[in-house]
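Shown next, in structure tokens, is the structure this report addresses.
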Amino acid sequence: MVTQIISTMETQANNGPGSAGILNGTNGEPDDSKTNLIVNYLPQNMTQEEFKSLFGSIGEIESCKLVRDKITGQSLGYGFVNYVDPNDADKAINTLNGLKLQTKTIKVSYARPSSASIRDANLYVSSLPKNMNQKEMEQLFSQYGRIITSRILVDQVTGVSRGVGFIRFDKRIEAEEAIKGLNGQKPLGSSEPITVKFANNPSQKTGQALLTHLYQTTARRYTGPLHHQTQRFRLDSLINMAYGVKSPLSFLPRFSPITIDSVTNLAGVSLTAPTTAGWCIFVYNLSPEADESVLWQLFGPFGAVTNVKVIRDFTTNKCKGFGFVTMTNYDEAAMAIASLNGYRLGDRVLQVSFKTSKPHKA
DNA sequence: TAGTATT
């Protein structure tokens, strides 16, 4: 099998229009193979607006999207730009690929048509010979398919290889074949066998990432000395919950009128009585794209969630900006509210509270 | 023995 070796060492745009071999127009999808670009290695702090501004300077953009973590709203460091004119897409590659932004060198290339077959095609390779360079590693793997990206990790100080790398294939099936063919094999002239396996999927870390993010967010929001105890208390609670430790709020009687009064007085509002299902929480300032999974994942780490609901516009089916979450236990609901109210999700700041009873008109 | 490329 003859395959193309594509070096990513110079962050070259390496896949031309139609290079993925999928004919457009056969499935009713618009042919955007010559206008749709993927942009990689973006600085972590780049916003959607900056992203649009940078690529909009080339020509008219049909659409663009900075891809962000669905739960934390953090940039994932890549995005898509679809131009109106294919010439502008070409121009963007020629002028912006390799552009240095902060510590990153961005890569601009044509996006491959989205498909399940290209997902989860990233491999983690360890025990590589320390003298093997990126090109040699690519040559070793290229017999199994088309390589999209490759990287060898190096010591920050000495620059010497750590014997660890990544290889992303065009297709998952190619990655599978590479594992079969190379895992446990000794490269020519090496005495130690290499390990080849699928790279960890970043989405598997979102639970921990969320807690870390909340920890930082909460720490930033309670910096005043008067709130020091409150801050410590909340951060400890987050950590305890992450390890399944009983919440320190558990000493409070659950569903107790005293507890309700204390919160009511603090908030200055009256609460609906807990239903048999639990405590209803109002979540405001969700994006139009928000769905139920976001609410599950946001509130799940705090305890038992029995129901979530995103309120949608009847005609567009887009979120109207708010939703509800029902949690079984008062203390867990209170902790979720304390932690998530004011939480920044993407470019929005959430408002989270117990659902209040609407004042009835006289 | 861990960076981050599919909307």
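Residue numbers begin at 1 in each chain, while the letters A, B, ... track the order of the sequences.
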How close or far is atom [atom2] of [N] from atom [atom1] of [X], stated in whole angstroms?
| X | N | atom1 | atom2 | answer |
| --- | --- | --- | --- | --- |
| A/Lys104 | B/dG3 | NZ | C1' | 9 Å |
| A/Leu128 | B/dA2 | CG | C1' | 13 Å |
| A/Asp120 | B/dT6 | CG | P | 8 Å |
| A/Leu42 | B/dG3 | CG | C1' | 15 Å |
| A/Asp155 | B/dA2 | CG | P | 12 Å |
| A/Tyr41 | B/dT6 | OH | P | 11 Å |
| A/Arg146 | B/dT6 | CZ | P | 14 Å |
| A/Asp69 | B/dG3 | CG | P | 17 Å |

Residues in side-chain contact (heavy atoms from CB on, under 4.5 Å) with A/Asn133, at least two apart?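 Testing A/Asn133 for side-chain contact (heavy atoms from CB on, under 4.5 Å), a comparison that skips the adjacent residues, returns A/Lys135, A/Glu136.
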Can you list every pair that meets salt bridge (Lys or Arg N to Asp or Glu O under 4.0 Å) and has a residue in residues 278-293 of chain A, with sequence neighbours left out?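 Non-adjacent pairs meeting salt bridge (Lys or Arg N to Asp or Glu O under 4.0 Å): A/Lys70-A/Asp291, A/Glu289-A/Lys318, A/Glu292-A/Arg312.
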Is A/Arg162 near enough to B/dA2 that one of its side-chain N or O atoms lies under 4.0 angstrom from OP1 or OP2?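 Yes, within the criterion.
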Is A/Arg119 near enough to B/dT7 that one of its side-chain N or O atoms lies under 4.0 angstrom from OP1 or OP2?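 For B/dT7, OP1 or OP2 has a side-chain N or O of A/Arg119 closer than 4.0 Å.
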From B/dT1, B/dG3, B/dT7, nucleotide with atom closest to A/Asn200 side chain: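 Between B/dT1, B/dG3, B/dT7, the one nearest the side chain of A/Asn200 would be B/dG3.
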Tell me which nucleotide among B/dT6, B/dG3, B/dA2 gets nearest to the side chain of A/Asn122.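 Between B/dT6, B/dG3, B/dA2, the one nearest the side chain of A/Asn122 would be B/dG3.
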Name all residues meeting the ring pair (Phe, Tyr, Trp, His ring centres under 6.0 Å) criterion together with A/Phe141; count only those two or more places apart in sequence or in a different chain, and write none if there are none.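 By the ring pair (Phe, Tyr, Trp, His ring centres under 6.0 Å) rule, A/Phe141 matches no residue at all.
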Under the rule for ring pair (Phe, Tyr, Trp, His ring centres under 6.0 Å), what residues qualify as partners of A/Tyr78, not counting sequence neighbours?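 Residues passing ring pair (Phe, Tyr, Trp, His ring centres under 6.0 Å) with A/Tyr78: none at all.
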According to a cutoff of under 5.5 Å between the ring centres and under 30° between the ring planes, does A/Phe166 stack with the base of B/dG3?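 Yes.
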Transitive ILVMFWY cluster of A/Phe166 at side-chain heavy atoms under 4.5 Å: who else is in it?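 A/Phe166 clusters with A/Tyr124, A/Leu153, A/Val164.
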What are the residues of residues 78-91 of chain A, sorted by number, that bring a heavy atom to within less than 4.0 Å of DNA chain B?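 A/Tyr78, A/Phe80 - these, ordered by number, are the residues of the stretch whose heavy atoms sit under 4.0 Å from the strand.
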Would you mind classifying the nucleic acid contact of [X] as base, sugar-phosphate or nothing, using non-hydrogen atoms under 4.0 angstrom?
| X | value |
| --- | --- |
| A/Ile118 | base |
| A/Val164 | sugar-phosphate |
| A/Ala121 | nothing |

Salt bridge check, A/Glu176 against A/Lys180: does any charged N sit closer than 4.0 Å to a carboxylate O?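 Looking at A/Glu176 together with A/Lys180, the answer is no, because their closest N to O distance does not fall below 4.0 Å.
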Both A/Arg168 and A/Tyr124 contact DNA chain B. Which one's nearest nucleotide lies toward the 5' end?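 First, find each residue's nearest nucleotide; the 5'-ward one identifies A/Tyr124.
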A/Leu101 and A/Ile93: same hydrophobic cluster, using ILVMFWY side-chain contacts below 4.5 Å?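 Yes, same cluster.
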